[in-house]
Amino acid sequence: MNILNPRRPRGSRLGAVALAGGLALALGLTGCASGSSDGGSGEAAADQTLTIGFSAEPPGFKTGVDQGSANRQVTTLVRRGLLAYGPDGEVVPALASEYEVTEDGLTYTFTLRDGLEFSNGDPLTAADVKRTYEYLAVPENGAADQTSFANISAIDTPDDTTVVLTLGEPQTALPKVIANPLNSIVPEEEVDADGVPVGAGPFMITDYQKGVSYTLEANPTYYDADSVELEEIEMTFMADAQTRVKALISGQVQFIDYVPAADYATLENANGVTLDTAYGLYGALQFNLTEGPIAIPEVRQAIAYAVDLDAINEVGTLGYGSANGGLPISQESEYFDEEQANHYARDLDKAEELLAAAGFPGGGFTVTLLTNSQYFGHSERAQVVKSNLEEIGITAEIETGDYANLIAKGNAGSYDLMIGGPPAAIDDPSALTGAFIGEPTFVRSFGINQDLYAGLLDEGAKTPDGPERKAIYHELGEIYLQDVPFVTWGQGTAAYAYTDALEGFEMINGPAVYSSMYSLAGAHLTD
């Protein structure tokens, strides 16, 4: 077995907890768990200002669009959907206090909480839900979960607090899709004149210094405002990882995101600091499939055989992650296929045979390899890939820059190969849709033949969990192994670090890991 996990992330909670039950559910759960002023290890501190060293300034807040982890994390603070993720990754009510599902799985009826408001003071009603979901369903708007919302055939709003969704076909993971922070409900003017996102979350941005910082304050109109103990969040953009780590250890900040694996040991041994880690998203070598040798499947297969997944895992995560290929499905999932994950075990002879069959004996061509210098492991992975390709006669010229540059070039398809990874925000195989289907975006390979995958992805999304659903994703995996629209190299790790005085923050394991800041709504600082 070539699935490597020599150093399982400390503090991991492997496998998100799915929403219990089946059809005909009527949920009446409370909101996300909140910190208590007299619970835990001490009384809540008088000064409830949390200082954060944040890895990147979000590039924007386009409704429903995956614009990277920085965008997603800030969205969890300032916006809310009908549902959200609780501390262990379970789906919990948010703007909706409860919902019901018919036996056939085609009709969802949500009851909104009374008196909802956006942070700008506008009322939030069923009409806002309808408008947001209709927007998310339009392909040209670029929503990550566009196909899920396009499956909604009708949205009825019999009154201001009732939303009835009628689906064209059953959708097993719809509650998880709705809980994705990217699908939060927004007002008609979802971003204010200064570029600040408006929502109905526990916090609101009250000051934005472009390129420098956000100041967030507790939102008094939040539906569960009484449970929010943090009064203010001062978020300073710190793109350099070492700067973030030093700022935390020195006490300049109290919380940092995107901790590089190279700093795990340092932070584990630092006084007064907690390091929290979990399995994160899949990484992948993405392709521009529209032109040149990379447009030929046999060339992509050759590259898949040439890439050293073990070496990529070691340089990218220092061995804390996993080294496996195949479809980007968590190795903890019942849908993970070990045989497919090992299909492209490294074999340079096969790689050379495939290149010759494609008309490129000995390689002999040059490709651009796009990466970014902002995050640990990306440039290092690019160097491994470059070295691997040289062994089969392919020259890779590395292009690098900050993360914003990678996003821009990735969106435009201005690369041959790119160090990236398919999108995923829910712990369900239907999340694969975002890796194959949709408008051009940096989170999926450019020019994928979507017709190869659309039918099976649609079938898998509407099929209940069980053997039939497993068979669908197995068939999808077989097509992927022939087409190779990208080469996965395994799950990485994600980590946050923070002062021991912070209580109530909880990481979510797996695809939803960058929704973990949902839990800051229930966190507090102690003396």
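A salt bridge links Asp66 with Arg72; the closest basic N to acidic carboxylate O contact falls under 4.0 Å. Asp428 and Arg469 are joined by a salt bridge, as a carboxylate oxygen and a charged side-chain nitrogen come within less than 4.0 angstrom of each other.
More than 12 heavy atoms of other residues, nucleotides or ligands lie within 6.0 Å of CD in Glu439, so this atom counts as buried by the packing criterion.
When atom types are taken as modelled, the side chain of Ser153 and the backbone of Thr166 share a donor-acceptor pair closer than 3.5 angstrom.
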Point to revise | Chi angles and distances behind the side chain to side chain contact (heavy atoms under 4.5 Å, CB included) call for Val164, Thr107 | key: CA-CA 7 Å; Val164 182; Thr107 304; 3.7 Å; yes

**Study point:** Phe237 vs Tyr214, ring-ring contact (aromatic ring centres under 6.0 Å, His included): CA-CA, chis, key distance, verdict
**Key:** CA-CA 8 Å; Phe237 308 138; Tyr214 287 133; 5.2 Å; yes

Point to revise | Intermediate values then yes/no, side chain to side chain contact (heavy atoms under 4.5 Å, CB included), Thr109 and Val163 | key: CA-CA 6 Å; Thr109 300; Val163 178; over 6 Å; no

Exercise for review: Could you walk me through whether Val259 and Tyr264 pass side chain to side chain contact (heavy atoms under 4.5 Å, CB included), step by step?
Suggested key: CA-CA 7 Å; Val259 180; Tyr264 286 3; 4.1 Å; yes

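Atoms CG and CG, on Leu124 and Asp128 in that order, are 5.0 Å from each other to the nearest 0.5 Å. Distance check, rounded to the nearest 0.5 Å: CD1 of Ile52 to CG of Asp257 gives 8.0 Å. The CG atom of Leu83 sits 12.5 Å away from the NZ atom of Lys176 when rounded to the nearest 0.5 Å.
Smallest separation of non-hydrogen atoms from Arg80 and Tyr222: NE-OH, 3.8 Å.
Taking the six-membered ring wherever Trp is involved, the centroid distance between the rings of Phe336 and Tyr473 does not fall below 6.0 Å. Phe505 has its ring centre less than 6.0 Å from the ring centre of Phe255.
When each of Asn219, Thr215, Val78 is paired with Ile205, the side-chain contact (heavy atoms from CB on, under 4.5 Å) condition holds for Val78 and for no other.
Relative ring orientation between Phe110 and Tyr108 is described as parallel, the plane-to-plane angle staying below 30° on a 0-90° scale split at 30° and 60°.
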